[in-house]
Amino acid sequence: MPAHTEAGVLLLDMAEQLADQVTERQYSLQPDLIQRFGPAGRERTKQDTVFSLKYLAESLMMDSPSLFVHYITWLKALLEGYKVGVKEIEVNLACLRKEVCLSIGGEHQEHVTRFLDIGLHQLALPADVPPFIAADAPYGAEAAEYLRILLEGRRQEASRLIMELVEAQTPLADIYLHIFQPVQYEIGRLWQTGGINVAQEHYCTAATQLIMSQLYPYLFGSERKDRRLVATCVGDEIHEVGLRMVADLFEAEGWDTYYLGANVPARSIIQTVISQQAHMVAISATMTYHVHLVKKLIEQIRASEGCRGVKIIVGGLPFNIDPQLWIQVGADGHSRNAGEAVRMAAGLLREIPAS
């Protein structure tokens, strides 16, 4: 196991202990924090430190500094909404660096501190998160209207907007790629920057999932291609909308899809791939600290005799952040969106006859 991977595994094992030590050190350096945020704030600091350690560990295991850099940018924007400034994050990371130096030695320490220094440098850079909906983008006006209706809690009206587009012969792929996808990204951005709360984010996401289900009769109308896809998330992923979009667009292209969602054991995934005689597996991870689970699942699929020849594509935010990450986890390709996934599948399976 490479030293950087060992360092990441070590951090995961020590996450709770290090988070306690970092929180204690930070509050001794910044005693005003207890007055500003109270006991609940202290516990939140520890929780945030655990998350930072998970992201740092995953970045180390994948040898991908860009994953940690993106996390720091995201964290900076998120905590601004809670009145936590750059100084508090900087002190937290500095305390983490100090505790790592006290607790971890040798080459492992060098890898961890190098990544932490990159993160500390990132704090000095702007953390603007631009909107994902643009008026001049394809269906930009419709996406903006759809988002506005959802944020006002008018799910039925949002459904009517989409169904009117369908009845006007708007391609389903356009609705998915130019309305559902940017709106979901924008909802995430609004939550991150404090523009909406968790309840609003959950409502909008659930509404879009419901509206997507109303489109199913249109998805199954295309000619079948005798191609089969198994789509799954890893770990306890709760962001499944992107993967649902992938499965839906494969259906629209004539594939038969078997959507598993999240929290499915690897053994069951492999059994499904075999029983469905799948030609392709799509694996999604939206949380960076789940990437190592993607790698492990791919290794298990590759090791199964019954899965020989199956192509594997991956997607999700971590793979968009680091364009080479799909290679490290052992996939056959990576797509940035559902449309790319369908096109990639066609290319990967061009030489494999349908069965």
Next item on the list: Indicate the atoms forming the closest heavy-atom contact of Ser59 with Leu67, along with that distance.
Entry: OG-CB, 3.3 Å

Item checked: Lys/Arg cation over aromatic Tyr259: Arg244, 6.0 Å, 45° cone -> yes

Note to self: Using the rule that Ile, Leu, Val, Met, Phe, Trp and Tyr join whenever any side-chain heavy atoms are under 4.5 Å apart, tell me whether Val273 and Val329 fall into a single cluster.
What the structure shows: yes

Check: What about Val91 and Phe115, same hydrophobic cluster or not, with Ile/Leu/Val/Met/Phe/Trp/Tyr joined at side-chain heavy-atom distances under 4.5 Å?
Finding: no

Item checked: Heavy atoms from other residues, nucleotides or ligands near CD of Gln156 exceed 12 (cutoff 6.0 Å) -> no

Next item on the list: Would you sort out whether Val281 and Lys311 count as a side-chain contact (heavy atoms from CB on, under 4.5 Å), showing the intermediate values?
Entry: CA-CA 6 Å; Val281 179; Lys311 299 296 183 181; over 6 Å; no

Next item on the list: Quick one: pull up OG in Ser52 and CG in Leu11 and give me the separation to the nearest 0.5 Å.
Entry: 11.5 Å

Margin query: Please find the pair of heavy atoms, one from Asn320 and one from Ser335, that lie closest to each other, and give the distance.
Written below: OD1-O, 4.1 Å

Note to self: When you measure from the side chain of Thr170 to the backbone of Val166, do you find a donor-acceptor pair of N or O atoms at a distance under 3.5 Å?
What the structure shows: no

Notebook entry, point to check: Where do Pro318 and Thr286 come nearest, in terms of heavy atoms and distance?
Noted result: CD-O, 3.8 Å

Check: So how far is it from Leu297 CG to His292 NE2, rounded to the nearest 0.5 Å?
Finding: 12.0 Å

Note to self: Under the criterion side-chain contact (heavy atoms from CB on, under 4.5 Å), I'd like the reasoning laid out for Leu243 against Ile283: C-alpha separation, chi angles, the key distance, then a yes or no.
What the structure shows: CA-CA 8 Å; Leu243 186 64; Ile283 305 173; over 6 Å; no

Notebook entry, point to check: Can you tell me if Trp255 uses its side chain to pair, donor with acceptor, with the backbone of Ala252 under 3.5 Å?
Noted result: no

Next item on the list: Verify the cluster assignment for Leu33 and Leu29: are they in a single hydrophobic cluster under the rule of side-chain heavy atoms below 4.5 Å apart?
Entry: no

Notebook entry, point to check: Does the Ser304 side chain pair with the main chain of Gln300, one donor and one acceptor, at a distance under 3.5 Å?
Noted result: no

Next item on the list: Mark yes or no for whether Gln26, through its side chain, and Thr23, through its backbone, hold a donor-acceptor pair below 3.5 Å.
Entry: no

Check: Is the cationic atom of Arg44 (NZ for Lys, CZ for Arg) positioned less than 6.0 Å from the six-membered ring centroid of Phe37 and within 45 degrees of its normal?
Finding: no

Item checked: Atom pair CE (Met62) and NZ (Lys295), whose distance is rounded to the nearest 0.5 Å -> 5.0 Å

Notebook entry, point to check: Do Leu317 and Val294 share a hydrophobic cluster, counting only Ile, Leu, Val, Met, Phe, Trp and Tyr and linking them when any side-chain heavy atoms are less than 4.5 Å apart?
Noted result: yes

Item checked: Test item: Ser213 side-chain N/O and Leu210 main-chain N/O as donor-acceptor pair under 3.5 Å -> yes

Checklist line | Nearest non-hydrogen partners of Pro182 and Leu177, listed with the distance | finding: CD-O, 3.2 Å

Margin query: Tell me whether the count of non-hydrogen atoms from other residues, nucleotides or ligands lying under 6.0 Å of OH in Tyr258 goes above 12.
Written below: no

Note to self: If we ignore hydrogens and angles and just use 3.5 Å, is the side chain of Gln192 paired with the main-chain N or O of Trp74 as donor and acceptor?
What the structure shows: yes

Checklist line | Cationic N near anionic O, under 4.0 Å, Arg302 to Asp332 | finding: yes

Notebook entry, point to check: Are more than 12 heavy atoms from other residues, nucleotides or ligands located less than 6.0 Å from atom CZ of Arg25?
Noted result: yes

Next item on the list: Would you confirm whether Glu88, through its side chain, and Gly85, through its main-chain N or O, come within 3.5 Å as a donor-acceptor pair?
Entry: yes

Notebook entry, point to check: Is it true that Arg148 and Glu145 make a salt bridge, defined as a side-chain N closer than 4.0 Å to a carboxylate O?
Noted result: yes

Next item on the list: To the nearest 0.5 angstrom, please state how far the CG atom of Leu12 sits from the CE atom of Met14.
Entry: 11.5 Å

Margin query: Using 30° and 60° as the class boundaries, would you call the ring planes of Tyr289 and Phe51 parallel, tilted or perpendicular?
Written below: tilted

Check: For Gly153, does its backbone N or O pair with a side-chain atom of Tyr203 as donor and acceptor, under 3.5 Å?
Finding: yes

Check: With hydrophobic residues grouped by side-chain heavy-atom distances under 4.5 Å, do Val50 and Leu116 end up in a single group?
Finding: no

Next item on the list: Show your reasoning for whether side chain to side chain donor-acceptor pair (under 3.5 Å) applies to Thr205 and Glu201.
Entry: CA-CA 6 Å; Thr205 299; Glu201 186 272 331; 3.3 Å; yes

Margin query: Between Glu251 and Thr257, does the side chain to side chain donor-acceptor pair (under 3.5 Å) criterion hold? Intermediate values first, please.
Written below: CA-CA 6 Å; Glu251 284 284 356; Thr257 65; 2.7 Å; yes

Margin query: Does Thr193 form a side chain to side chain donor-acceptor pair (under 3.5 Å) with Glu80? I'd like the steps, not just the answer.
Written below: CA-CA 7 Å; Thr193 56; Glu80 282 180 358; over 6 Å; no

Note to self: Within this structure, what is the CD1-OG distance for the pair Ile211 and Ser159, rounded to the nearest 0.5 Å?
What the structure shows: 5.0 Å

Check: So, for Ile270 and Cys307, which heavy atoms are closest and what is the spacing to 0.1 Å?
Finding: CG2-SG, 3.8 Å

Item checked: Residue of the set Lys225, Arg224, Arg228 for which salt bridge (charged side-chain N to carboxylate O under 4.0 Å, His left out) holds with Asp256 -> Arg224

Note to self: Please identify which of these residues, Val100, Val112, Ile104, meets the side chain to side chain contact (heavy atoms under 4.5 Å, CB included) condition with Leu10.
What the structure shows: Ile104

Next item on the list: Could you go through the side-chain contact (heavy atoms from CB on, under 4.5 Å) check for Leu229 and His279 one step at a time?
Entry: CA-CA 6 Å; Leu229 169 80; His279 297 89; over 6 Å; no

Item checked: Backbone of Thr45 reached by a side-chain donor or acceptor of Thr49 within 3.5 Å -> yes

Margin query: Checking Glu186 against Arg189 for the salt bridge (charged side-chain N to carboxylate O under 4.0 Å, His left out) test, could you report, in this order, the C-alpha distance in whole Å, the side-chain angles of both residues, the deciding distance, and whether it holds?
Written below: CA-CA 5 Å; Glu186 182 63 9; Arg189 186 190 75 87; 2.7 Å; yes

Item checked: Ala231 versus Ala247, closest heavy-atom pair with distance -> CB-CB, 4.4 Å

Margin query: Salt bridge or not between Arg227 and Glu253? Use side-chain N to carboxylate O under 4.0 Å.
Written below: no

Next item on the list: Take the angle between the ring planes of Phe319 and His334 and call it parallel below 30°, perpendicular above 60°, tilted in between.
Entry: tilted

Item checked: Spacing of Leu147 atom CG and Gln184 atom CD [to the nearest 0.5 Å] -> 9.5 Å

Checklist line | Basic-acidic side-chain contact under 4.0 Å: Glu90, Lys76 | finding: no

